[in-house]
Every structure is written in C-alpha cells, then in structure tokens.
Amino acid sequence: MSIYLDHNATTPVRPEACAAVARALAMGGNPSSVHAAGRAARALVEHARDEVAALVAAPASTVVFTSGGTEANALALESAVAAGARRLVVSALEHDSVQETARAAGVAVEVLPVTADGVADLAWLAERLGRWDAADGRPFVAMMLANNETGVIQPVAQAAGIVRAADGWLHVDAVQAGGKIAIDSRALGADTLSVSAHKLGGPQGVGALTFGPRATLSRRQHGGGQERGRRGGTENVPGICGFGAAATAALGDLESFQRLADGRDALAARMKAAGAVVMGEGAPRLANTLCVATPEFTSDLQVMGLDLAGVLVSAGAACSSGKVKASPVLTAMGQGELAACAIRVSGGWNTDDGDWNRLAEAWLEAHGRHAARRRQPAALGVQA
Ligand code: PLP
C-alpha cells in the first residue's frame, strides 16, 4: 500500500463526505422543483450551505457554490473588474487560478512581492496603496491565506487593514487553509474568500465563494437563477452535500489536525541533518505541510525516487517535457537554484506518524543513492 502525502494536491475523501454524497445521489430531486422531492433536495443544499458557512464563520446567505476553488477565485476577480477595478494587485504567492484570471481580465496587474520566508510584503502593500491612482478604480488585492507549496500562513488581517484604509477590495484564496486552521472571514477582513471541497476531504469539483458587504458580485453564469441569480445551472447536489459533510468533519478535527506538525517536524529534522533546507521555516505554517529543498537533488528525482518506494509527494517545482521548471513561488522567495530542488510533503486527516517515518526512510535512501551516483564520475576520473 502506498503512503499518500500529497493532501495539498487533493485530500482523500472523508467517510462522512462519501456517505453524504451517496445519500444525495440515492435521494435524487432537483432543488428548484417545488414538489416534495425538490424541497428535500433544496433542504440538503441549504444544510450544506450552513455547514460551509460555519467553516469560514460567514452568514450562509453569502455563500455561493461553484465548481471549485478555481471558479470561486474567478468569480471574485471578475466581479471586481466588472465593478470598476482597473488594476489588480496579486501576491507572488497566488495560485494559477488567481494569476491567470488576473492576466486574462484585460486590466493592469501588479505583483505584490514576498519575503525570503514566503510572507507577503505588507510594507510594499502599504506604500503602493498609499499612492494609488484614482483612475485605476478601487484598489483590488488578492492575498491567499495559506500557501499551497510552503504552507506559510499570510498576515491577511493586517493586509485587510491596509486595503480597507484605501477603500479597496481584498480577495482571500483560503483554498489551502480551509479545514486546516480556524477561519473567520469577517474577522480577517476578507471582502471575498474562496474555499474548495477537495482540499479538506470533500469531493472534487465543488467549491464556494463567500462575500462581505463591501463586495459586489456579478453574475457568473446566466440561467435558471440558482445561487440567488449569481450562478445559473442545477446545483451539484451530491458534491455540495459532500462538501458540507467534509467541512463539518474538518471543523471537528481542527485541534487534532494541529498535531500533524509533530510528525512533520520530526521528518524535517531528519532531512535537514542530510542537508535539506525547509522553505518558510521562520514563518507560521500549516501543520500538515513541509516544503523542503535539497541542493543538487532535483525535485523530479526526489519525487520519482519516493514514488518507486511507494511514497507519494509532489514536486515543489513543475516538470514538463522532462525538464524541471523552478517553482515560481520559491523563485519569488529568492531561493535561486534551490527552487528547482524542492518537494512538497503534505499530510492530512488520515496521516499517522508511521507515514512520516516511512517517507523519512525512503527519502534518506534515495538521497544516499543520489549522493553515491554523484560521487562516482569523480572516482572514475581519478582511476582514468
Ligand atoms: N487555490 C489554491 C491555493 C489551490 O491550492 C488550488 C488547488 O490546488 C486552487 C486554488 C484551485 O482549487 P480547485 O482545484 O478546487 O479548482
């Protein structure tokens, strides 16, 4: 059996979510139908909406279900542009769903830099918003709550103070933070905030955006008026029910989730002793995430070596056509060559100490083999 330590990519579905999906599928009914079956389906959707609202401490009436985190981010950014934003400030840490939507929005995009520890630079933000040109419309800032690669938790509440002082709109991608730390969207000062079911033990293909009173959401999809007219189309009832059940289960597990840091840190200590460097170690991080780089041991070699040993993690760098592309996040952190030598290890609700240990053993073995191979040509050279 393989060891799955890639929960930030997608988390195995929790049994509570599986059961809720199966119940909804068995029940059937269209939430827009006025008859009994429709009313029952509507009740399921609204119950799930309450559960997702509780996850982020938002009023249920402000939760819009979407097809995932990507669409929730797009809804926020496109709404801001429709409301008049002409320049979007996007942190260098943001997920492609934010970066690419911003680039495709037809307005100016500016990158908010990050520190070497992977924390958004608030001094830069304050200075930039302090000289905002009114011709650019209301300032719009996208800053995620926790980074998918490093797990670094961002100073969103402080950023919100800066954005609010400039009468701006702060969008918070909380896709990786949802179910991993307590989130109070209002206390954070988020004007819009996105979450995704499959990052916390729900099914893939369902997410949500919540919005505060200072955000005006536009219509994402025309159609039958579902989601209070914001997103037409028959709701993904099974997915939404699975999302709600996963959100409730994750909220209940928040305390035990923090204990993942023990196994994660024990693993990090063993890797560091072999020369690895932990990314964002000096900043507050999600308890489940370890982004660790090893000089001259590229990400793809590490991921493949671990895969052969039955341990599944992800590259902190993107691989395409056999070439390693350094992670833009780690590059933005100024990590240079190390950015192409990182892996991301992420545990979750079903991870135990044995999993971290198995990874440590497999990684140390792969690292030892790699180091021996690197020594070989030099040794041959001496013989020749
Ligand atoms: N935002 C972040 C930070 C993510 O890590 C991801 C997924 O990897 C997304 C957004 C996209 O979410 P989804 O896969 O639900 O579209």
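Basis for what follows: all heavy atoms, side chains included, without hydrogens, waters or symmetry-related copies. Start at 1 and go down the list; that is how both ligands and their atoms are numbered.
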Please find the pair of heavy atoms, one from Gly263 and one from Trp356, that lie closest to each other, and give the distance. CA-CD1, 3.5 Å
Give the minimum heavy-atom separation between Val195 and Ala174, together with the two atoms involved.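 Where Val195 meets Ala174 most closely, the heavy atoms are CG1-O, 3.9 Å.
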List the steps, then state whether side-chain hydrogen bond (donor to acceptor under 3.5 Å, both in side chains) holds for Thr101 with Asn73. CA-CA 8 Å; Thr101 303; Asn73 286 335; over 6 Å; no
Step by step, would you call Glu235 with Arg49 a salt bridge (Lys or Arg N to Asp or Glu O under 4.0 Å)? CA-CA 12 Å; Glu235 297 87 341; Arg49 197 184 307 278; 5.5 Å; no
How many angstroms lie between atom OG of Ser299 and atom CG of Leu330, to the nearest 0.5 angstrom?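 Here the interatomic distance stands at 8.0 Å.
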If you measure from CD1 on Ile3 to CZ on Arg358, what distance do you get to the nearest 0.5 Å? 4.5 Å
Near ligand 1, which protein residues have a heavy atom under 4.0 Å away?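 Ligand 1 pocket, heavy atoms under 4.0 Å: Gly68, Gly69, Thr70, Asn73, His95, Ser97, Met144, Asn148, Asp173, Val175, Gln176, Ser196, His198, Lys199.
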